[in-house]
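Data first, discussion second: the structure below is written as structure tokens.
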Amino acid sequence: MPTLLGVDHIAIAVEDLDQATDLWQQALGARLGPRETVESQGVELQMLYAGETRVELLRPLSPESPVGRFLTKRGPGLHHLALAVPECGDALEQARDAGLRTLSEEPVPGAHGTRVVFLHPGDTGGVLTELVEGGEGPWSSPQQETKA
Ligand code: CO
């Protein structure tokens with residue numbers, strides 16, 4: 001099984017990125033992180049920090065994108081859980097060896113230079129799960145990277 005380092009982020013699908021950002025920043029007191037468009041995944045995302053925990057707000061770039069279809073089907077809400085791993089390719093292989101389906105054949109580019117792979121929610125208890133390499137959690141210090 002993949003070695004899990006921690007929760008990289010929790011992702012929430014939203015219809016209005018500015019409104020959702022206001023909620024998290026002003027009503028809930030999260031710290032504002034970077035905003036970024038990830039064309040390959042069809043989303044504009046806003047990162048927020050709650051202590052060392054990151055919350056990723058996702059707005060679809062089109063209704064046909066994965067997050068767009070999610071919104072149409074289920075409305076706004078929790079979209080995926082992202083777990084940090086030392087090396088995404090290894091984690092992908094280990095997940096496949098354990099019989100889990102992945103949504104891509106290879107790791108794909110994630111936000112701010114990460115490499116990610118998504119596991120099929122049908123194999124992970126209904127929770128869309130993203131494995132992330134290269135995030136900014138406390139485990140990403142150079143000393144700890146040598147473990148990978
Ligand atoms: Co994510």
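For this chain, numbers begin at 1 and follow the sequence in order. In listed order, ligands and their atoms are each counted from 1.
Counting non-hydrogen atoms of other residues, nucleotides and ligands closer than 6.0 Å to CZ of R35 gives a total above 12. More than 12 heavy-atom neighbours from other residues, nucleotides or ligands sit within 6.0 angstrom of CD on Q26.
A salt bridge is absent between R115 and E106: the closest approach of a Lys/Arg side-chain nitrogen to an acidic carboxylate oxygen does not fall below 4.0 angstrom. A salt bridge links R54 to D8: at least one charged side-chain nitrogen sits closer than 4.0 Å to a carboxylate oxygen.
Protein atoms that are N, O or S and lie under 2.8 Å from the Co ion (ligand 1) are these: H9 NE2, E56 OE2, H80 NE2, E130 OE1.
Residue T102 is tested with H120, E93, R96 for a side chain to side chain donor-acceptor pair (under 3.5 Å); the sole match is R96.
Looking at residues two or more places apart in sequence or on another chain, you find a ring-ring contact (aromatic ring centres under 6.0 Å, His included) between H9 and H80.
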